[in-house]
Amino acid sequence: MTLLWAQGLAIYLPLLVIGRIVHMVSYLKALQPWRNLSYQLGLWVTFVMTVHIVLRSIS
């Protein structure tokens with residue numbers, strides 16, 4: 001049984017990468033609202049992916 005289906009990975013991974021890249025650029029250029037929002041995007045994607053994996057593993 002796969003814990004994360006291919007379509008989910010195609011959604012989660014680009015969002016996570018985009019969030020991290022925007023966070024890095026915002027950090028270097030001191031763009032405060034974008035830095036916080038991009039960090040939260042990465043955090044929420046990681047949280048949702050973790051919940052998805054846990055729910056798939058117990059079902």
Side-chain angles (χ1 to χ4, degrees):
M1 173 174 87
T2 58
L3 295 178
L4 191 62
W5 82 109
Q7 183 182 6
L9 188 61
I11 295 168
Y12 296 140
L13 192 59
L15 284 175
L16 185 62
V17 170
I18 289 169
R20 296 310 297 161
I21 290 173
V22 172
H23 180 265
M24 178 189 65
V25 171
S26 300
Y27 183 79
L28 292 174
K29 295 187 178 268
L31 303 172
Q32 184 51 1
W34 294 109
R35 178 179 165 203
N36 187 19
L37 291 173
S38 60
Y39 181 81
Q40 288 180 7
L41 173 66
L43 189 65
W44 279 105
V45 169
T46 303
F47 177 72
V48 170
M49 190 169 35
T50 302
V51 169
H52 182 142
I53 291 171
V54 168
L55 290 176
R56 293 277 300 230
S57 67
I58 62 175
S59 63

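We number each residue from 1, following the sequence as shown.
Pairs engaging residues 24-38 under the side chain to side chain donor-acceptor pair (under 3.5 Å) rule: Asn36-Gln40 [sequence neighbours left out].
Under a hydrophobic-cluster definition in which Ile, Leu, Val, Met, Phe, Trp and Tyr are linked whenever side-chain heavy atoms come within less than 4.5 Å, directly or via other members, Val22 and Val45 are assigned to different clusters.
Of the inter-residue distances, the one linking Leu37 atom CG with Leu31 atom CG reads 11.5 Å to the nearest 0.5 angstrom.
Checked against side chain to side chain contact (heavy atoms under 4.5 Å, CB included), Leu43 has the following partners two or more places apart in sequence or in another chain: Tyr39. Residues forming a side chain to side chain contact (heavy atoms under 4.5 Å, CB included) with Ile11 (at least two apart in sequence, or on another chain): Gln7, Leu15.
The one candidate from Val48, Leu55, Ile53 that meets the side chain to side chain contact (heavy atoms under 4.5 Å, CB included) condition with Val51 is Leu55.
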